[in-house]
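A quick write-up on the structure given underneath.
The shown structure was predicted, so the numbers you read here are calculated from the model rather than taken from an experiment. In listed order, ligands and their atoms are each counted from 1.
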Amino acid sequence: MTQTYDLIVRGGEVANHAGRGLADVGVIDGKIAFIGDLSQASAGEVFDAAGLTVLPGVIDTQVHFREPGLEWKEDLETGSRAAALGGVVAVFEMPNTNPNTTDPDTMADKLVRANNRMWTDHAFYIGGTHENADYLGELERLPGCCGVKVFMGASTGDLLIADDEGVRKVLSNVRRRATFHSEDEYRLVERRGLARTGDWTSHPEVRDAESAIRSTRRLVGLAKERGARIHVLHVTTKDEMDFLRFHKDVATVEITPQHLTLAAPEAYERLGAYAQMNPPIRSQDHVDALWLWGMQQGVADVLGSDHAPHTREEKSKPYPASPSGMPGVQTLVPLMLTHVANGRLSLERFIDLTSAGAQRVFGTANKGRMAVSYDADLTIVDLKAKKTITHDQQASRCGWTPFDGFEATGWPMATIVRGRVVMQDGELIGKAHGQPVRFQETL
Ligand SMILES: O=C1C[C@@H](C(=O)O)NC(=O)N1
């Protein structure tokens with residue numbers, strides 16, 4: 001090969017569809033141009049990946065970056081900074097900001113704000129409401145939109161479509177796969193009184209497993225009735241695993257690293273409000289089912305961090321006044337690589353869940369695989385590095401992580417977004433140049 005490349009990532013162990021082995025990755029114009037032996041080729045820039053493992057870029061398909069309107073918790077710059085430091089190349093950001101992202105203006109506003117400020121590529125969800133449900137088929141086609149998000153159970157913010165008629169309308173109008181926070185609002189309201197003031201162990205009792213499975217059963221029934229495809233966000237229960245595994249024809253599934261790593265009651269006793277999120281961290285039998293069915297048997301399609309920062313001050317209110325959500329975009333890679341190191345999941349499965357899975361579920365165009373002509377998005381990791389996760393490392397404006405003190409094996413060493421190194425050895429490099437992600441269905 002005598003061609004000149006813009007960038008060659010040299011000498012790393014490359015892990016992709018072809019398997020795992022030593023190879024160089026050549027990049028031209030932000031795209032992967034060749035994977036193999038490039039020892040004779042020249043390049044404008046060379047990244048020495050000797051001793052490191054080169055993965056397809058990790059896509060985090062669920063984050064809340066809080067801009068506009070809630071910037072004291074996070075903004076698009078700080079959130080994407082955390083993402084890049086965590087080895088993440090692209091994020092799909094949720095619509096429960098202020099204002100909510102529910103129309104062309106609020107979507108365009110996020111894209112303008114993201115321009116030259118986000119370190120990673122990005123797409124934004126359009127929030128489904130009773131008011132815009134008739135127009136979602138048009139709204140989901142807006143540039144930069146990764147799809148429709150519906151809250152069937154209320155969480156942070158006021159987005160909500162709880163009733164069957166509302167969900168039916170969404171499913172009748174969308175053409176892309178719509179995504180759902182699946183907890184049954186009617187049951188959540190009935191059970192509010194079960195919250196014990198200041199006692200976070202009551203959170204998974206209030207928002208119990210039955211609230212989740214009831215909603216997910218309704219949702220799958222409605223999807224089949226309408227002939228629609230759905231994506232169930234952050235699935236947390238064994239009941240849903242036992243159900244969804246028979247409905248993969250319509251439903252794709254996301255699981256979060258925290259639901260695989262933390263368990264009740266221990267997490268609530270140790271972390272209090274910092275373990276509070278929706279749907280809740282649940283008991284070990286649920287965690288075991290997520291591992292067995294979600295991870296090992298393949299029911300899960302993607303890992304999403306549900307990065308949902310709140311300040312320490314907000315979290316210091318007594319339950320149930322404390323807000324739900326925890327940051328996670330910067331810790332997804334080290335947490336899951338530690339599970340890989342411990343033999344709980346294969347590196348191949350991790351890769352599928354964080355890159356190709358996003359392409360299958362959301363239909364990204366030329367993104368989500370390490371293959372020729374795809375975006376040159378790479379997450380370069382040291383699978384052997386032992387490092388402790390700490391509050392201090394976190395770039396999120398909230399400044400804390402529920403995983404402070406977690407001893408990780410496996411760490412992101414560099415993040416390459418469309419051929420540009422944006423993070424190396426824990427430092428951001430150059431300028432924020434994130435671009436909107438493109439999707440096959442809206443090209
Ligand atoms: O669904 C959600 C929303 C999120 C947030 O804070 O935005 N926090 C959560 O715990 N779950």
Side-chain angles (χ1 to χ4, degrees), residues 60-76 78-79 82 91-102 110 124-129 148-162 178-185 188 195 200 202-204 206-208 211-212 215-216 219 231-237 240 254-262 264 267-268 271-282 304-315 317 319-329 331-332 396-398 400-402:
D60 186 342
T61 49
Q62 187 184 179
V63 302
H64 301 259
F65 281 175
R66 310 302 195 196
E67 181 179 347
L70 305 156
E71 289 91 343
W72 67 89
K73 298 174 197 273
E74 193 78 288
D75 66 30
L76 294 171
T78 57
V91 294
F92 295 176
E93 205 267 343
M94 283 291 168
N96 57 335
T97 41
N98 188 11
N100 292 317
T101 317
T102 51
K110 275 195 176 169
F124 298 103
Y125 289 90
I126 195 100
T129 66
V148 169
K149 159 71 181 285
V150 172
F151 284 89
M152 291 176 71
S155 190
T156 303
D158 59 3
L159 286 170
L160 183 65
I161 302 183
T179 73
F180 293 85
H181 178 122
S182 182
E183 287 183 285
D184 186 287
E185 178 66 9
L188 295 182
W200 283 273
S202 58
H203 189 55
V206 178
R207 302 181 82 113
D208 67 349
S211 307
S215 167
T216 297
L219 175 60
H231 179 57
V232 192
L233 297 157
H234 41 41
V235 174
T236 57
T237 65
E240 287 167 291
E254 176 199 72
I255 297 182
T256 78
Q258 55 272 38
H259 288 111
L260 291 164
T261 310
L262 301 173
Y268 295 100
L271 298 166
Y274 297 102
Q276 180 191 335
M277 69 173 294
N278 302 328
I281 300 297
R282 301 199 189 277
S305 74
D306 193 12
H307 177 87
H310 297 284
T311 64
R312 287 179 194 263
E313 195 187 343
E314 291 162 334
K315 282 288 196 182
K317 294 181 185 159
Y319 186 77
S322 45
S324 292
M326 52 177 82
V329 72
T331 48
L332 183 153
S396 169
R397 186 160 285 150
C398 76
W400 58 272
T401 164

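Near Asn96, meaning under 4.0 Å from any of its heavy atoms, are these atoms of ligand 1: 5 (C), 7 (O). Those atoms of ligand 1 with a heavy atom of Phe151 less than 4.0 angstrom away are 1 (O). Every atom of ligand 1 with a heavy atom of His181 under 4.0 Å away is listed here by number and element: 1 (O). Atoms of ligand 1 found under 4.0 Å from any heavy atom of Ala308, numbered from 1 in the order shown, are 4 (C), 5 (C), 6 (O), 8 (N).
If you look at His310 next to ligand 1, the close heavy atoms, those under 4.0 Å, all belong to the side chain. Heavy atoms of Arg66 found under 4.0 angstrom from ligand 1 belong exclusively to the side chain. Residue contacts with ligand 1 for Ser324 involve both N, CA, C or O and side-chain atoms from C-beta outward (heavy atoms, distance under 4.0 Å). Contacts between Met277 and ligand 1, counted as non-hydrogen atom pairs separated by less than 4.0 Å, involve both the backbone and the side chain. Residue-level proximity to ligand 1 for Met94 is absent, since no heavy atom of it falls below 4.0 angstrom.
Considering all non-hydrogen atoms of both residues, Glu240 and Val235 come closest at CB-CG1, 3.7 Å. Between Ser202 and Tyr319, the closest heavy-atom pair is OG-CE2, 3.4 Å. Scanning all heavy atoms of the two residues, the minimum distance from Leu262 to Ala267 falls at CB-CB, 4.0 Å.
Here the rule is side chain to side chain contact (heavy atoms under 4.5 Å, CB included) with Trp72, and of Glu314, His310, Arg66, Arg397 only Glu314 fits it.
Taking atom 2 (C) of ligand 1 as the reference point, the nearest protein heavy-atom neighbour is Ser155 OG, 3.0 Å. For atom 6 (O) of ligand 1, the closest heavy atom belonging to the protein is Thr156 OG1, 2.6 Å.
Here the side chains of Glu67 and Thr97 are not in contact, with every heavy-atom distance at 4.5 Å or above.
Neither side chain, Glu183 nor Ser211, offers a donor N or O lying under 3.5 Å from an acceptor on the other. Side chains of Ser305 and Asp60: a donor-acceptor N/O pair is present below 3.5 angstrom, by distance only. Using a 3.5 Å distance cut-off with no hydrogens or angles, the side chains of His203 and Asn278 do pair a donor with an acceptor.
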- request: Just do the side chain to side chain contact (heavy atoms under 4.5 Å, CB included) check on Phe180 and Val232 with the steps written out, would you?
  value: CA-CA 5 Å; Phe180 293 85; Val232 192; 5.5 Å; no
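The shortest N or O to N or O distance between Gly325 and ligand 1 is below 3.5 Å. Taking distance alone, with nitrogen or oxygen atoms compared against 3.5 Å, Asn278 approaches ligand 1 more closely than that limit.
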